[in-house]
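Working notes for the structure below.
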There are 2 protein chains.
Amino acid sequence: MGTVDVPEATVARLPQYLRALAALADAGLRTVSSEALAEAVGVGSAKLRKDLSHLGSYGTRGVGYDVAGLHRQIADRLGQTTPWNVVIVGIGNLGHALAGYGGFASRGFRVVGLFDDGTQVVGEVVNGLRVRPLADLGAVVRPGEPTIGVLAVPVEHAQGVCDRLVAAGVTSVLNFAPTVLRVPADVDVRKVDLASELQILAFHAQRRAVRSSVPAPTATVGERIGEVV
Amino acid sequence: MGTVDVPEATVARLPQYLRALAALADAGLRTVSSEALAEAVGVGSAKLRKDLSHLGSYGTRGVGYDVAGLHRQIADRLGQTTPWNVVIVGIGNLGHALAGYGGFASRGFRVVGLFDDGTQVVGEVVNGLRVRPLADLGAVVRPGEPTIGVLAVPVEHAQGVCDRLVAAGVTSVLNFAPTVLRVPADVDVRKVDLASELQILAFHAQRRAVRSSVPAPTATVGERIGEVV
DNA sequence: TAGATTGTTAATCGATTAACAATC
DNA sequence: TAGATTGTTAATCGATTAACAATC
C-alpha cells in the first residue's frame, strides 16, 4: 500500500476529488462519507472507495473520511505540495489565454516562461511575463526542477518545438496542437484537442437525432430494433 | 451494420482518423493500409481495423482502404457534412481565444454567437462577432438547428449559465469550468479541465521521480520491487 | 450494543490485442 | 496463382459495479 500502481482511470479522477474536498473544507465540513463525496463529484460511491483504496486507506468505518486529511493525501500524490514550473510555447490566441489562466496558479502551477518566435509577439509582456524567443528555453528550463511544457503552436510547428522542449529537458508536455507527437519513451505527453471535443459532441448529437427520427417509421412488426439512446 | 452502437473509445478516435486521412489525401495517396493509417495516428493496426469495423466495412482485402471513401464515411458519421452552430458563453481570456480558434471553422463548426454579461465586454467585437448579453441567447439558438454551447465562464457561474443554455435549447455542451454540471438526461456534456491535465502530468512526473530515486537504495535482497515505469 | 460506513471481493462489462481465415 | 491485407474471432486486460463482511 502506498507508492504502488494507481490505475490511470483513478489518476484522472484524483484532481476532481481534490477539488471537491477543498470545497467541503471551505464549507467547514470535517468529515465526509464516500456517498456524499461521490455525489459531489458525480460518480458512484463504490467507484470512489475503490479509487481511494489504491492510495491506501484513509477512511474510518462508520464515520467516513477526514476532509483535511484526505485532501492532504491526494494533494501529496498529485505532487501539489511542491510547485511545478510551467512554460508555454506559442503565444497566439490560445497561448495568451493559457498564460493568463487563473486556474493554473491556484493549483500550484507557476508559469515561469512564455516563448514564441514570431517577431510580432516576442518582447510583448503578457500577464507580467515577457515573451522570449525559443532560443532562450535553456535559460528557463532547469534540469534540476521539473518543468511542464505547454504546446500552443500551430500544428505544423508542433513536432519541431516539441523536440526543442525535450532537448531542453522537459519531460511532461501538454499538447494543444492536433497532431501526434513523437517523443522519447521517458517523456509524457497529454493532448487536448479542442476541435475533437466538438466533433465527439456532434457525433452524439447526430446519433440522438437519427435515433429519434428514423427507427420508429421504418420498424415493422417482428423486426428487432436496436436499443434507443 | 451501420447506425448501430459505436463504442465510446472508438468515437473518440474517429476525429484522429479523419485528420490523418485528410493529410494522406492532400499528399495524393489514393489508398492506405490499416498498418500505415494506424502508424500515422499512433495506434495499433488491429485497433484501427476493429474501430473501422464498427462503421461497417470499407476496406478491400489485399489492398487497403480508399482514402477518399473512408474520409467521407467518417466525416459523415461525425456529422461533418452539415455545419454545426457553436455559441461561446463567457468571453474572458479563454472565450476570446476560442472565438478566434481557427481549428473550429476548418472542421465544419461555425461560431454564430458570443455571449457575456460583463459590462466591459458586451458590445466588443471579437473575430467579427459582437459580444451579446446572455438575454439574447434565444435569438441565436434556433430549436431547429443543432447548436453546441461552449462554456468558458468562471466556475461560480457555470451551472447557472448552463441552465440558461439548456433552456434555450442547447443539447450539447463543452464545459471548460472545473465543475460538475447537472443537466437533463437528454443533454450531452463534455468537460475540458485544463488544470486537471497539468495535475495528471504532475502525478506521472512525480511517480517517475520517486521510482527512479527511491526503490534502488531501499530494496533489500529478497524483497520484491514494483515494476518500474 | 446498534447503526453507519468503509475496504474488499467477485461478477460484469467494455476495450485492447494477437492471430488467422477469408478474400482481394 | 501467390502475396497482401482485411474483418473477425477469441484471449486478455483493465475498469466498473454491487454486495457484504469487517469494524468503527
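- The nearest whole Å value for the distance from the CG atom in Leu55(B) to the P atom in dT6(D) is 15 Å.
- Taking atom CD of Glu35(A) as the reference point, atom P of dA19(D) lies 14 Å away to the nearest angstrom.
- Atom-to-atom, CD of Glu8(B) to C1' of dT16(C) comes out at 16 Å; the value is rounded to the nearest Å.
- Rounded to whole Å, the distance from CG on Asp51(B) to C1' on dG14(C) is 13 Å.
- Rounded to whole Å, the distance from NZ on Lys50(B) to P on dC20(C) is 16 Å.
- The shortest distance between the side-chain N/O atoms of Thr60(B) and the OP1/OP2 oxygens of dC24(C) is not below 4.0 Å.
- Between His54(A) atom NE2 and dT9(C) atom C1' the separation is 13 Å, expressed in whole Å.
- Residue Gly44(B) is classed as having no contact, given no heavy-atom separation below 4.0 Å to the nucleic acid.
- As the counterpart of dT5(C), dA22(D) is assigned, both hydrogen-bonding distances of the Watson-Crick or G-U wobble pattern falling under 3.5 Å.
- Taking a pair to require two hydrogen-bonding distances under 3.5 Å in either a Watson-Crick or a G-U wobble arrangement, dA15(C) pairs with dT12(D).
- For the pair Ser57(B) and dG7(D), the criterion of a side-chain N or O lying under 4.0 Å from OP1 or OP2 is met.
- Side chains of Tyr58(B) and Asp66(B): no donor on one and acceptor on the other come within 3.5 Å.
- The environment of CZ in Arg110(B) is crowded: more than 12 heavy-atom neighbours from other residues, nucleotides or ligands sit within 6.0 Å.
- The nearest heavy atom of DNA chain D to Gly62(A) and to Ala9(A) marks one nucleotide each, and the one closer to the 5' end goes with Ala9(A).
- Here dT5(C) presents its C1' atom at 15 Å from CG of Asp66(A), a figure rounded to the nearest Å.
- If you check every strand for non-hydrogen atoms under 4.0 Å, Ala46(A) touches a base.
- If you check dT6(C), dA15(D), dT17(C) against the side chain of Lys47(B), the one that comes closest is dT17(C).
- Using modelled atom types, one finds a donor on one side chain and an acceptor on the other under 3.5 Å when comparing Gln159(B) with Asp163(B).
- Other residues, nucleotides and ligands contribute over 12 non-hydrogen atoms within 6.0 Å of the CZ atom of Arg13(B).
- For the OP1/OP2 pair of dT5(C) and a distance below 4.0 Å, the side-chain nitrogens and oxygens of Ser33(A) include no atom meeting the criterion.
- Counting distance only, with no hydrogens placed and no angle test, the side-chain atoms of Arg61(B) and the base atoms of dT5(D) include no donor-acceptor pair under 3.5 Å.
- Side-chain contact of Tyr17(A) with Asp51(A): a donor-acceptor pair under 3.5 Å is present, judged by distance alone.
- If you measure from atom CZ of Arg49(A) to atom P of dT5(C), you get 11 Å, rounded to the nearest angstrom.
- The side chain of Tyr65(B) places an N or O atom within less than 4.0 Å of a non-bridging phosphate oxygen (OP1 or OP2) of dG7(D).
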